[in-house]
Amino acid sequence: MKIATWNVNSIRTRIEHVTSWLQTNSPDVICLQETKVTDKDFPLEPFINLGYNCYISGQKSYNGVAILSRSPLTQITTGFAPLLGEETAGIFDEQKRLIAGIIDDICIICVYVPNGSEVGSEKYDYKLKWLKLLQEYLKIALDKSPKLCICGDFNIVPDDRDIHNPKANANSVGLSVPERLALTEIIELGLNDPFRKFTSEGGHYSWWDYRAAAFPRNNGWRIDHHYLSFPLYEQAKNCTIDIAPRKLIKPSDHAPVIVEI
DNA sequence: ATGGCAGAACACTTCTGA
């Protein structure tokens, strides 16, 4: 089974790139982030025509996540509330950043972790709180589903191999100690990054700034990840970043990442 | 230290992204 994740930076703007990529790569499941569209305006038809079942949770202008799957998913849920309760989820479900479902006996969770703006800002504080809720959510999800795959745009650089210039960006959002600690605590629930099962060297990225010719210079960040519970991690056959769509005209600033189990 | 680019919307300017 191939499970892809891709921050598309507007599904309506990227529709040709995404449908073409699906035809070439035919993943069983693709998790999308930053769809930037309300559910009533999501372009379902091109994906249905390609044989995908579509599960979407969007909002106007910002955020928005979706899971497309060749086989139907069951137990679709959105946000934290279904596992954590309305009271704990609170305002954190207002932004559409999480959608989950079950395929076979595998729990698939698609996330768009908040960006955080700047270290120390209000949005940064929101990001850290959101990650703590995600940790609580995953603890429950792993108890229910020993086979679990969470993937998406984590907006965190796991370690210094995962960014072109760690020293110059040491104070940037995405690299701070509290963010990395939050990610470590999530991983310690019993998850592993399959990309690092197969590739140990640096220089592999999933996001490049649109500005300053970052992509041709490979000035990138690896911030789009999969995390697999142990039974799936053991089975993972490969995990790759496909930079081909990043070379197209008017690309997303992120490239898709694919794990094969 | 700043700007550079791209997308969306109560749109020609502002917010957000990382």
Side-chain angles (χ1 to χ4, degrees), chain A residues 5-18 31-43 56-66 91-92 94-98 110-131 134 151-183 202-225 241 243 245-257:
Chain A
T5 181
W6 194 0
N7 178 324
V8 292
N9 188 13
S10 171
I11 191 62
R12 287 178 293 182
T13 297
R14 223 65 63 203
I15 191 75
E16 302 293 336
H17 287 193
V18 178
C31 294
L32 304 174
Q33 302 87 37
E34 283 207 86
T35 54
K36 293 188 173 180
V37 66
T38 56
D39 292 350
K40 73 172 174 54
D41 289 329
F42 191 103
I56 60 178
S57 178
Q59 65 183 86
K60 200 199 286 186
S61 306
Y62 304 115
N63 312 313
V65 285
I91 59 160
F92 288 91
E94 286 172 9
Q95 298 181 13
K96 304 307 177 191
R97 297 181 177 276
L98 190 154
C110 169
V111 289
Y112 175 47
V113 175
N115 166 301
S117 189
E118 278 178 55
V119 174
S121 67
E122 219 168 276
K123 286 178 183 158
Y124 176 79
D125 190 46
Y126 181 92
K127 179 180 193 175
L128 293 179
K129 286 183 176 139
W130 197 94
L131 287 164
L134 182 62
C151 60
D153 178 356
F154 281 78
N155 272 319
I156 299 174
V157 174
D159 67 61
D160 284 356
R161 286 175 295 178
D162 299 310
I163 183 165
H164 70 286
N165 194 342
K167 286 196 177 118
N169 288 289
N171 298 318
S172 297
V173 73
L175 284 77
S176 73
V177 170
E179 290 168 84
R180 284 176 162 175
L181 186 59
L183 182 59
H204 299 279
Y205 309 124
S206 65
W207 175 84
W208 300 260
D209 200 311
Y210 284 122
R211 298 165 292 187
F215 181 67
R217 295 173 179 173
N218 199 28
N219 290 348
W221 302 29
R222 193 175 72 88
I223 53 175
D224 300 271
H225 317 136
I241 302 168
I243 65 166
R246 187 65 178 78
K247 299 174 179 172
L248 301 172
I249 308 287
K250 283 183 85 67
S252 168
D253 43 357
H254 296 252
V257 188

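FYI, side chains are in, hydrogens and waters are out, and symmetry mates aren't considered; it's all heavy atoms of this structure. Naming convention: chains lettered A, B, ... in sequence-line order (proteins, then strands); numbering from 1 in each chain.
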Output the rounded distance in Å from [atom1] ([X]) to [atom2] ([N]).
{"X": "A/Glu122", "N": "B/dC15", "atom1": "CD", "atom2": "C1'", "value": "15 Å"}
{"X": "A/Ile249", "N": "B/dC5", "atom1": "CD1", "atom2": "C1'", "value": "15 Å"}
{"X": "A/Arg217", "N": "B/dG4", "atom1": "CZ", "atom2": "P", "value": "14 Å"}
{"X": "A/Lys60", "N": "B/dC15", "atom1": "NZ", "atom2": "P", "value": "16 Å"}
{"X": "A/Phe42", "N": "B/dA8", "atom1": "CZ", "atom2": "P", "value": "13 Å"}
{"X": "A/Ile15", "N": "B/dA8", "atom1": "CD1", "atom2": "P", "value": "12 Å"}

Please measure how far the [atom1] atom in [N] lies from the corresponding atom in [M], and state the result in whole Å.
{"N": "B/dC15", "M": "B/dA11", "atom1": "C1'", "answer": "12 Å"}
{"N": "B/dA18", "M": "B/dT14", "atom1": "P", "answer": "22 Å"}
{"N": "B/dA6", "M": "B/dC10", "atom1": "P", "answer": "23 Å"}
{"N": "B/dA1", "M": "B/dT13", "atom1": "P", "answer": "30 Å"}

Heavy-atom side-chain proximity of A/Asn7 to A/Asp224 below 4.5 angstrom: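 The answer is yes; the side chains approach within 4.5 Å.
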Please tabulate, one pair per line, each protein N/O and nucleotide N/O from nucleotides 16-18 of chain B that are separated by under 3.5 Å, including the distance.
unit_1	atom_1	unit_2	atom_2	d
B/dT16	OP1	A/Lys123	NZ	3.4
B/dT16	OP2	A/Lys123	NZ	3.1
B/dT16	O5'	A/Lys123	NZ	3.3
B/dA18	OP1	A/Glu34	OE2	3.3
B/dA18	OP1	A/Asp153	OD2	3.4
B/dA18	OP1	A/His254	NE2	3.2
B/dA18	OP2	A/Tyr112	OH	2.9
B/dA18	OP2	A/Asn155	OD1	3.4
B/dA18	OP2	A/Asn155	ND2	2.9
B/dA18	O5'	A/Asn115	ND2	3.2
B/dA18	O5'	A/Asn155	OD1	3.2
B/dA18	N9	A/Asn115	ND2	3.4
B/dA18	N7	A/Asn115	ND2	3.1

Ignoring backbone atoms, test whether [X] places a side-chain nitrogen or oxygen under 4.0 Å from the OP1 or OP2 oxygen of [N].
{"X": "A/Arg12", "N": "B/dA9", "result": "yes"}
{"X": "A/Ser61", "N": "B/dG7", "result": "no"}
{"X": "A/Ser10", "N": "B/dA8", "result": "yes"}

Examine distances only and state if a side-chain atom of [X] and a backbone atom of [Y] form a donor-acceptor pair shorter than 3.5 Å.
{"X": "A/Asp162", "Y": "A/Arg222", "result": "no"}
{"X": "A/Arg246", "Y": "A/Pro251", "result": "no"}
{"X": "A/Tyr112", "Y": "A/Lys96", "result": "no"}

A/Phe154: ring pair (Phe, Tyr, Trp, His ring centres under 6.0 Å) partners, not counting sequence neighbours: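 Ring pair (Phe, Tyr, Trp, His ring centres under 6.0 Å) list for A/Phe154, sorted by chain: A/His225, A/Tyr227.
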Those residues that, when tested against A/His17, pass ring pair (Phe, Tyr, Trp, His ring centres under 6.0 Å) (two or more places apart): none
Electrostatic pair A/Arg180:A/Asp160 at N-O distance under 4.0 angstrom: yes
Sugar-phosphate, base or nothing in reach of A/Ser172, heavy atoms under 4.0 Å: nothing
